[in-house]
Every structure is written in structure tokens, then in C-alpha cells.
Amino acid sequence: MIDKKANIAYSIRDIAFIALIGIFCGVIFFTTNISYNFLTAALTTIGLGPVANDLLLGLWMIAGPLGIMLTKKIGSSVLAETLGGFVEMVLGGQFGAGAIISGLTQGIGTELGFTLTGYKRFGKFNLFLSCITGTIVTFIWSYFNEGYAKYNFSFLILLFIARLVSISFFDGVLVYWINQLIEKSGIIRRS
Amino acid sequence: MDKLAINDLTFSYTKDSDPVLDNLNLTIKNNTFNLLFGSSGSGKSTLMQIITGLVRTNLPNLGSGTILINGQSIETWTPKQFVQEVALLFQNPREQFSMSSVEDEFVFTLENIGMLPSKIDSSIRSALERVKMLDFRNRDIDGLSGGELQKISLAITLAMDSNFIILDEPFANVDSSSRKELILLLKELQIQDGKTILIADHDLSGYDHVYDNIFHLYHHQIAALPHPEKTLAYFQSDKDEFHFQIPAENQPGVLHFADFSLDAGSKVLLDQIQLEIPTGYRILLTGDNGTGKSTLFNAISHLHPYKGVLTYKNKEVQKYKTTKLSKEVSLIFQDAQIQFLKMTVSEEIELSLKHARFSEIWSPEFITKNLSLLNLIGFENHIVYQLSGGQKKKLQILEMLMLGNPLVLMDEPLAGLDIESVIQVLDMIKKVCELQKQSLIMISHQLVGTKNFFNYHLELKDKNLYFSERLDDGLFD
Amino acid sequence: MDSSIKLLLVLLISFELAFVQSIVVNILVIVLGMSYLLVKKVKLQKLLLLIIIPIIPVASTWSSFYVNGTGDFIHSAWLLSSRIYAYIILGGIFSFTTSINDLLSSLEQNWHVPSKFVYGTLGAFNFAPRVRNSMLQIKTAALMRGEVLHVWSPQIFFKAILLSLRWSDNLSRAMQSHGYAENNVRTHYRKQRIPAWNWVLFITIFGVFQFIVLKKLP
């Protein structure tokens with residue numbers, strides 16, 4: 001599976017599959033939403049609300065790397081994240097229309113890790129790369145969109161580290177574990 | 001002319017697996033009513049999906065043989081060509097609808113076959129009228145029963161103008177009165193509209209005067225059934241053989257219901273139930289599809305809310321913590337894969353052993369004995385997701401029983417098992433439940449081979465739940 | 001207004017808002033958006049929910065800038081908090097006044113998005129109500145085997161993928177059984193044309209928005 005050549009020929013089954021993963025990941029995220037809001041609320045009182053946000057961003061983004069690792073299609077990370085953002089907006093999540101645009105930037109962020117090596121490999125190294133690109137791209141977007149530009153430098157560093165840790169765990173380590181399970185189980189023998 | 005002619009069809013799903021169909025031949029005449037009889041897992045579905053183009057046989061190493069419909073080879077047909085000649089109704093009608101409303105599904109289908117927009121409206125209307133379902137045009141798929149969905153599916157085949165209608169176990173999710181109604185409707189379509197009908201079914205009751213041919217799929221091949229009348233009569237008589245006792249009062253109870261009610265959305269499933277279920281027995285739970293049997297199981301295991309009183313061991317079920325309750329009640333889900341947590345068979349067994357309540361019973365010898373009873377010896381290092389459907393089910397039942405929870409709920413555990421496996425599985429369940437003093441409630445439509453297994457019979461009917469001596473007519477669907 | 005045009009407008013304005021440093025502009029978007037929703041007779045209950053849902057992120061954003069902001073941190077706090085409300089109102093404008101079906105058929109007919117994207121997504125959407133239930137089943141099934149699944153357990157995602165695979169297989173089989181093929185020429189029962197006035201309105205609104213933005217309001 002690892003070195004299968006990537007392509008852009010989506011079948012309707014691939015598209016439905018990616019969309020479903022997006023919806024599932026959204027539901028998994030929202031079932032943890034309560035604890036998320038508690039965490040945010042607790043941190044809010046000391047002005048650290050965005051740290052909670054950044055600590056969970058990796059979980060929020062997981063559909064992208066999963067989509068691309070499982071289908072090995074060019075653009076599938078962007079597709080998964082954008083659809084995820086769209087679902088989030090339609091179901092009335094707390095980020096509204098911003099969710100689609102954020103989804104798009106997150107998708108591009110993780111996708112880049114695979115683009116950099118020409119979609120030739122889908123292993124540990126690329127997941128690592130995609131965590132780095134994912135963190136950088138989304139952080140740039142937050143710099144404008146969430147006003148990170150206006151934080152003091154040390155807080156900015158804290159946010160960056162929180163985000164890097166979160167993305168590395170959820171979109172790197174966890175995705176790697178999940179992918180191992182999938183490969184071992186042999187459930188993806190898709191023609 | 002022959003509607004369908006299959007010559008020497010051989011097919012397997014992967015290169016290394018045994019063929020599902022082996023040198024199979026079948027001819028079906030135009031404008032006839034045909035039954036394809038065979039046990040679950042005999043390959044009926046595969047055959048029907050091949051005939052309707054959902055499974056293609058022309059991949060190298062997988063299939064050989066020829067299939068002609070109306071004298072033409074189907075090998076190069078597109079999906080559009082297929083549906084205009086031959087339509088398939090799925091076993092689970094819910095799985096055949098991808099849109100959310102009846103009209104949207106019609107529109108999607110008719111747009112697919114390129115019907116002129118100006119003709120779509122009248123085509124939907126006349127198709128629904130033909131099956132007397134015009135009122136359902138604007139309904140959502142979600143609220144419809146299995147029987148209603150199958151009628152809509154049938155109307156869609158009429159709108160597509162397919163002359164040959166193939167139905168794969170179409171009554172598996174349909175209650176008995178709708179089953180009769182649908183069989184008559186299909187007969188009418190054959191006689192009045194000139195359709196050719198082919199129905200795959202493992203149950204031949206209700207077909208007495210409607211069929212022209214019965215084919216038997218057995219050992220990967222098709223033969224005519226030698227004594228169709230005898231087989232039909234067998235299905236009729238088998239129902240009368242079941243007779244149950246009513247439990248005596250004042251026994252210690254495992255579950256107690258008082259003013260217990262259950263809804264699904266706006267639909268009331270159970271209304272004001274008063275019932276005591278005695279502890280330590282094996283109880284059969286029957287009722288038509290959609291009456292709420294699975295929802296009842298869900299309510300007992302914190303997967304669905306209920307109203308009124310439901311106590312397990314004299315404590316309100318809703319007051320248990322889910323982690324605590326799950327050490328008391330085991331629900332064996334219909335979908336076996338949802339219950340697996342490890343990769344190989346032996347890892348799965350090991351995990352169950354870790355949490356077993358009566359671990360002293362589960363010595364390596366006893367485990368091996370049960371594995372061999374279930375024909376799972378030699379599969380210890382196999383990946384659970386790669387096992388056959390029947391093997392997955394057997395493993396799931398074993399590993400859930402090993403936990404030794406006092407109350408075991410099984411949702412259709414015998415569906416899809418061949419008769420030999422049914423006997424093995426029931427034998428194991430009986431022994432293990434007696435050893436561990438477990439109470440068992442089992443939902444099952446499949447009753448062949450279950451004689452003398454159940455102590456009591458619970459029936460769910462007309463929003464009521466009660467112990468009953470007899471089986472409701474037409475349960476074998 | 002055609003739903004694809006509406007989505008495009010909502011997305012463009014949302015994107016631009018990320019770079020606009022004006023509280024007044026955010027409030028204008030909120031007020032005008034709310035008025036639009038009221039004119040469209042969206043239920044008050046829904047509008048109220050729209051205001052309540054983002055309270056935590058808004059409070060979190062505000063306090064965070066108050067504590068960690070540099071420069072005119074009070075301005076930043078109000079700017080970023082009001083921006084969240086602007087986003088959620090813009091999202092509401094789309095999701096309360098259009099339907100997914102309309103959007104997807106407009107994308108298919110007017111923007112020539114391949115039908116496989118339209119119907120693949122639509123089919124998946126129709127599964128959404130079942131997803132929540134399945135998640136609960138997955139967790140309970142594991143609990144019954146003595147294992148607790150957390151959000152960081154690979155198993156929970158593995159099971160979700162297992163179901164996604166099965167459902168997407170079913171979906172493509174179901175669609176094929178009703179005549180769908182990716183390269184079919186399809187007809188369209190409900191025509192979704194974009195009338196010219198839609199474009200005029202789109203350009204007007206977007207133009208006026210640029211005009212307001214360029215005013216460099218506080």
C-alpha cells in the first residue's frame with residue numbers, strides 16, 4: 001500500500017468515503033466538545049482560552065490526513081477538510097462560515113506534506129512533514145484570522161508549541177496508529 | 001425467447017478463494033415467475049448481483065462463462081443499459097435509497113437514465129399509482145417501513161421500465177402481511193404487465209399458487225427442486241411445531257418492567273408494559289420487523305432512552321453507570337465487527353479472558369473445545385476482519401459469552417449461519433449459559449434448528465410485550 | 001438568490017473579514033445579516049441559538065487579548081470577538097436560508113461540478129443522522145468487552161473508517177442499481193438557472209462591502 005502511485009481519479013465511492021470520514025470525525029470531535037468547552041472555560045478565566053483551541057486543533061483536523069493516507073488521492077486532504085468545515089457550518093457549529101475557510105487552509109496545510117514529495121510516498125516521513133506544514137499553514141491563517149498578530153511574542157510561542165504538539169499527536173502519531181490497524185486488518189482491498 | 005441464459009458461470013471474489021459459483025447454468029423463460037431457493041450464504045446474492053451488473057465477472061482470474069439477457073451478452077453493458085433491462089431489489093431496501101425522500105430518489109433515478117424532464121413527473125405518478133403508493137410521493141425515506149420501501153423500490157423499477165425484476169431476499173425486512181401483499185403484487189405485474197420475476201428466498205412459504213419454476217442453488221450450482229410441493233409443505237408445517245410454556249409466577253426476576261414505554265422519534269413502540277422476566281432462562285423474542293425488538297435491547301443497555309420503570313437486579317437501569325452496566329449486561333450486536341477490538345482470533349480470545357467473570361471455567365482446554373466445536377481451530381492467527389461472515393459471528397458469540405455477564409442479549413445471532421453452524425452455536429450457548437448461570441434473551445427470525453433450545457417465548461406485538469405459547473403466523477420470513 | 005451565489009458571497013466576505021481591522025465593519029455585518037435573517041422569517045429560537053453557541057469562544061477570545069494582547073489590546077479584544085459573531089451570522093445566512101439539495105444541484109448544473117462529487121457528497125450527507133448513533137454503539141460495544149475507547153484511541157477511528165467503507169460501498173452499489181454511472185449524460189428535472197439579477201446583486205453587495213472596508217472605519 002505504502003508506495004502505491006497516487007492519482008486524482010476519484011470514484012463516487014471514494015468521494016462518499018472521504019465525506020463520511022469527515023462527518024464521523026466531526027461527530028467524534030463534538031462528543032468531546034463538552035470537555036473542550038470546560039477546558040476552554042477554565043483557561044479563559046486566566047486568559048489562555050486560545051491555548052485550549054490549539055491543543056485540540058489536531059483532533060479537529062484529523063479527517064484530512066486520514067483521507068489522504070487511506071485513499072492516496074491527490075487533493076483528498078483538502079477535500080476532506082473542506083467538506084468537514086461545510087458540515088460543521090451547516091450543523092450550526094460555533095465557527096460559522098469561517099469553518100469552511102479554516103477547513104480549506106487546514107486541508108491545504110496537511111496536503112502539502114504529501115505534495116512536497118510528489119505524492120510518491122505515504123509513510124511516517126510524509127506524516128511528519130504534513131504535521132509541520134499543517135502547523136505552519138494554519139498558524140499563518142490564525143495570524144490574520146484569529147488576530148494572533150496582536151498577541152505578545154511569548155504568548156505566540158506558547159500557542160505555536162501547543163498547536164505543534166496537538167497536530168503532531170493527532171495528525172501524526174494517531175493517524176499512523178490508525179493506518180497500521182487498517183493495513184493489518186486488510187479491510188481496504190479496494191479495486 | 002429466453003429472458004436469461006447463463007452458461008457455465010464460475011466466479012470467485014479473490015484469486016485464492018474457493019468459487020462461490022461453479023459451472024452454474026440457468027435458463028429463465030420470458031414472462032414467468034421464478035423462485036431461487038437456497039440457504040443463507042449459498043451465493044444467491046452474488047448470482048443476482050452478477051446478473052444485474054453490480055458484480056462484474058470479466059476481471060481476469062475471477063470469472064468465466066457467458067450470461068445473456070434477451071439474447072444479448074451483458075459483458076459490455078453500462079449501468080444505464082442494465083437498469084433498463086433488468087432491475088434488482090436489495091435485501092435491505094434502506095440500503096437501496098441514496099436520497100432522503102421518495103420523490104428525490106425517483107428523480108435521481110430517472111435523470112440517470114436520461115429521461116426527458118417533461119416526462120419525469122407523469123412517470124413518477126403512474127409508477128406509484130401502479131403499486132397504490134401515490135400518497136407516499138413526498139414522504140421521507142426515514143419514516144417508511146420495510147414493506148413500504150420495497151413497494152417504492154418496485155415502483156422505481158416500473159418507472160425505469162425494466163422488464164425483468166430480480167429480488168434478493170426481498171422480504172427479510174418486511175412483516176408477514178406485507179410479504180403476502182408484495183407476492184400478490186409481483187404476480188400481478190407478471191400477468192398484467194408482462195414482467196419476468198426472479199425471487200431469491202430461503203423461505204418458500206406463501207408462494208403456493210404463484211410460481212412457475214423453483215430453482216435450487218446448492219453446492220455452487222443450480223438444479224430444479226425435485227419435489228417442490230413437498231418443500232413448500234415443509235415450510236408450512238414447520239411453524240406448527242413450536243410450543244412454549246408460560247413461566248410460573250413468583251420466580252426471581254432478572255428484568256422487571258412497570259409502566260414501561262419506548263418510542264422511536266414520534267412512533268410509539270411499546271406502551272405501558274408490565275412484565276417480569278425470570279432469571280436463568282433462555283428466552284426467544286419475536287415480533288415483526290420494525291416493532292422495536294432491537295430498540296428494546298438498546299434501552300436495556302443504555303443505547304436508547306425509555307420511560308417508566310425498568311429494573312435489572314432490582315435497580316433502575318438508568319441509575320447504573322454505563323461502565324457498571326456493561327459488566328452485567330452483554331449485548332451481542334448484529335454487526336459482529338463492531339465488537340472486535342484486536343486483530344487476530346487468539347488476541348480477541350485473550351482479551352475476553354482478561355475480563356472473564358468466571359475465568360476458572362475458561363481453561364485452555366475448555367477454550368480449545370469450544371473453538372473446535374465452532375470449527376475455528378486453525379484460525380487462531382487469522383485476522384478477524386478476514387474471517388467469513390459465519391466465522392465472525394461465531395467468534396463474537398464465544399468471546400461475549402466468555403465475559404460471563406449475568407444477562408446476555410443476542411440480536412439475530414443466527415442470521416446468515418448455515419444449519420450446521422446454527423446447531424453448533426446453540427449447543428455452545430446452552431452449555432456455557434448453564435455453566436455460568438446466565439439469562440439469555442435472543443431475537444431471532446431464523447428458527448430452524450432451535451427446537452428445544454428456548455425455555456420461553458416473548459412476543460412483541462401491537463405495542464405490547466408478553467409471554468406467549470405459540471409463534472405468530474408467518475414468522476419464518 | 002441562488003444558493004451557490006449566496007455561498008460564494010458568504011465565503012468571500014468571510015475571507016476578507018479575516019483581514020479587516022474594523023469593529024464597525026464587523027458590527028455592520030452582524031446587524032445587516034441579522035436583519036436579513038429576520039426578513040427571511042427565520043425562527044427566533046434559531047437566531048437566539050446563533051447568539052448563544054459562540055459565547056464561550058467569544059469570551060475566551062476577549063479575555064485572551066485582554067491578558068496577552070499587545071498595543072491597543074482593548075480594540076483587539078473587541079475586534080476579534082465581534083469577528084466570531086460576524087462569521088456565525090454569515091454561516092447562518094447560508095445554512096438557514098438554503099438547502100444542501102439546491103446548492104448541490106446548482107453546482108452540478110451551473111458550475112459543472114462532476115456529478116460524482118455532487119451525489120457522493122449528497123449520499124454521505126444523508127447518512128449523517130446515523131453517524132451519531134453508530135458512534136454510541138461503537139463505544140458501548142467496546143465497553144461491553146471491558147475496554148474504554150477514548151478520543152485518542154485508534155480503535156474508535158478504525159471502527160469509524162470500517163463503517164465509512166461499508167456505507168460508501170453500499171452507496172455506490174445503490175446508486176448503480178438506480179442507473180447511476182460517472183460518465184452518464186444526466187437530465188435535470190428541476191432546472192437551477194442563475195438569473196442575471198443574482199449576479200447584479202452579488203456585485204452590488206460585494207462592491208458596497210469593499211467601499212465600506214476602504215473607509216477604514218475604527
Side-chain angles (χ1 to χ4, degrees), chain A residues 10-17 19-25 27-28 31-32 37 40-41 43-50 52-53 59 62 66 70 83 87 89-90 92-101 141 144-147 150-152 155 169-170 174 177-178 180-182 185 187-188, chain C residues 10-11 14-15 18-19 49 53-54 56-57 59-61 63-71 73 76 79-80 87-92 94-95 100 116-117 119-121 123-125 127-128 131-132 135 151-152 154-158 160-165 167-169 171-172 175 180 182:
Chain A
Y10 288 87
S11 69
I12 193 162
R13 198 173 58 164
D14 296 322
I15 295 160
F17 176 60
L20 280 168
I21 289 184
I23 297 172
F24 261 107
C25 291
V27 169
I28 293 173
T31 47
T32 57
N37 278 341
T40 315
L43 289 172
T44 294
T45 52
I46 47 170
L48 292 178
N53 220 355
L59 178 60
I62 197 169
L66 278 179
L70 297 177
L83 283 175
V87 173
M89 180 187 78
V90 171
Q94 58 198 20
F95 306 105
I100 299 186
I101 303 172
W141 176 240
F144 298 104
N145 181 44
E146 286 155 62
K150 302 197 172 73
Y151 283 127
N152 62 52
F155 191 60
F169 174 70
F170 286 109
L174 188 57
W177 285 341
I178 297 165
Q180 272 191 323
L181 285 181
I182 302 276
S185 71
I187 56 171
I188 298 208
Chain C
V10 159
L11 287 182
S14 297
F15 183 77
F19 304 95
L49 213 63
I53 289 172
I56 290 182
S60 135
T61 302
S63 74
S64 169
F65 280 102
Y66 190 80
V67 176
N68 305 298
T70 53
F73 59 89
S76 303
L79 174 72
L80 275 307
Y87 281 147
I88 200 135
I89 299 287
L90 285 169
F94 178 79
S95 45
I100 305 283
K116 59 187 178 184
F117 283 94
Y119 291 99
T121 314
F125 254 85
F127 270 97
V131 170
R132 190 178 284 273
M135 271 335 293
V151 64
W152 55 85
Q155 269 296 336
I156 204 165
F157 289 92
F158 176 70
I161 290 162
L162 197 69
L163 289 180
S164 302
L165 265 178
W167 290 350
S168 59
D169 279 349
L171 209 54
S172 75
M175 290 187 173
Y180 179 80
E182 280 157 29

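All values below come from the heavy atoms of this structure, side chains included, with hydrogens, waters and symmetry mates left out. In the text below, chain A, chain B and the rest are named by the order of the sequence lines, each starting its count at 1. Model, not experiment: these values are computed from the prediction.
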K.L.:
Residues in side-chain contact (heavy atoms from CB on, under 4.5 Å) with A:I23, at least two apart?
P.N.:
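A:I23 satisfies side-chain contact (heavy atoms from CB on, under 4.5 Å) with A:V87, C:A124, C:A128, C:V131 only.
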K.L.:
When heavy-atom pairs shorter than 4.5 Å are enumerated against chain C, which of A:F170, A:F169, A:W177, A:F144 gives the highest number?
P.N.:
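Going by pairs under 4.5 Å, I would pick A:F144.
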K.L.:
So for C:L79, is it side chain, backbone, both, or neither that comes closer than 4.5 Å to the heavy atoms of chain A?
P.N.:
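The side chain, not the backbone.
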K.L.:
Just to verify, what does C:T121 make a side-chain contact (heavy atoms from CB on, under 4.5 Å) with, not counting sequence neighbours?
P.N.:
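In terms of side-chain contact (heavy atoms from CB on, under 4.5 Å), with neighbours along the sequence ignored, C:T121 is linked to A:I15, A:L83, C:F125.
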K.L.:
Spell out, as yes or no, whether a donor-acceptor pair under 3.5 Å connects the side chain of C:T70 to the backbone of A:K150.
P.N.:
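Yes; at least one donor-acceptor contact below 3.5 Å.
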K.L.:
Side chain, backbone, both or neither: which part of A:F155 has an atom under 4.5 Å from a heavy atom of chain C?
P.N.:
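Just the side chain, heavy atoms under 4.5 Å.
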K.L.:
Can you tell which of A:G22, A:A97, A:G49 has the highest number of heavy-atom pairs within less than 4.5 Å of chain C?
P.N.:
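Looking at each option in turn, the highest pair count goes to A:A97.
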K.L.:
Report which part of C:F19 has an atom under 4.5 Å of a heavy atom belonging to chain A: side chain, backbone, both, or neither.
P.N.:
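It is the side chain, since no backbone atom gets that close.
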K.L.:
Please determine, among C:Y66, C:F127, C:W152, the option with the most heavy-atom pairs under 4.5 Å with chain A.
P.N.:
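Highest number of heavy-atom pairs under 4.5 Å: C:W152.
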K.L.:
So which of C:I161, C:V10, C:V67 has the biggest tally of heavy-atom pairs under 4.5 Å with chain A?
P.N.:
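So the answer, after comparing C:I161, C:V10, C:V67, is C:I161.
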K.L.:
Check whether any side-chain N or O of C:E182 sits under 3.5 Å from a backbone N or O of A:S11 as a donor-acceptor pair, and report yes or no.
P.N.:
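Answer holds: no.
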K.L.:
Let's test your reading of the structure: which of C:S64, C:G69, C:S76 forms the most heavy-atom pairs below 4.5 Å with chain A?
P.N.:
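The answer is C:S64.
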K.L.:
If we only count heavy atoms from C-beta on, is the C:P154 to A:L174 side-chain gap below 4.5 Å?
P.N.:
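The answer is yes; the side chains approach within 4.5 Å.
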K.L.:
Closest heavy-atom contact between A:I12 and C:S172?
P.N.:
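Heavy atoms of A:I12 and C:S172 come nearest at CG2-CB, 4.0 Å.
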K.L.:
Quick one: what part of C:L162 sits under 4.5 Å from any heavy atom of chain A, side chain, backbone, both or neither?
P.N.:
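For C:L162, backbone and side chain are both near chain A.
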K.L.:
Between C:S164 and A:F24, what is the shortest heavy-atom contact and its length?
P.N.:
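That would be OG-CD1, 3.3 Å.
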K.L.:
Counting heavy-atom pairs under 4.5 Å to chain A, which of C:L90, C:L11, C:L163 comes out on top?
P.N.:
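Ranked by heavy-atom pairs under 4.5 Å with chain A, first place is C:L11.
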K.L.:
Please identify, among A:P50, A:A99, A:A19, the residue contributing the most non-hydrogen atom pairs under 4.5 Å to chain C.
P.N.:
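Heavy-atom pair counts peak at A:P50.
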K.L.:
In terms of heavy-atom pairs under 4.5 Å, which option from C:W167, C:F94, C:F65 contacts chain A the most?
P.N.:
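Counting heavy-atom pairs under 4.5 Å, the top option is C:F65.
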K.L.:
Measure the spacing between CG of C:L165 and CD1 of A:I182 and express it to the nearest 0.5 Å.
P.N.:
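Here the rounded value is 7.0 Å.
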K.L.:
Please name the pair of heavy atoms, one in C:L171 and one in A:A16, separated by the smallest distance, quoted to 0.1 Å.
P.N.:
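Heavy-atom minimum between the residues: CD2-CB, 3.8 Å.
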K.L.:
Mind checking the CG-OG spacing from A:D14 to C:S168? Nearest 0.5 Å is all I need.
P.N.:
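If we round to the nearest 0.5 Å, A:D14:CG and C:S168:OG are 8.0 Å apart.
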K.L.:
Give, as side chain, backbone, both or neither, the part of A:Q180 having an atom under 4.5 angstrom from any heavy atom of chain C.
P.N.:
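For A:Q180, neither part sits under 4.5 Å from chain C.
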K.L.:
Looking at CD1 of A:I28 and CE of C:M135, how far apart are the two atoms once the value is rounded to the nearest 0.5 Å?
P.N.:
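If we round to the nearest 0.5 Å, A:I28:CD1 and C:M135:CE are 4.0 Å apart.
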K.L.:
Which atoms of A:I100 come close to chain C, meaning under 4.5 Å heavy atom to heavy atom: side chain ones, backbone ones, both, or neither?
P.N.:
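For A:I100, the contact with chain C is made by the side chain alone.
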K.L.:
Which atom pair, heavy atoms only, marks the closest approach of C:F157 to A:C25?
P.N.:
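Shortest heavy-atom contact: CE2-SG, 4.1 Å.
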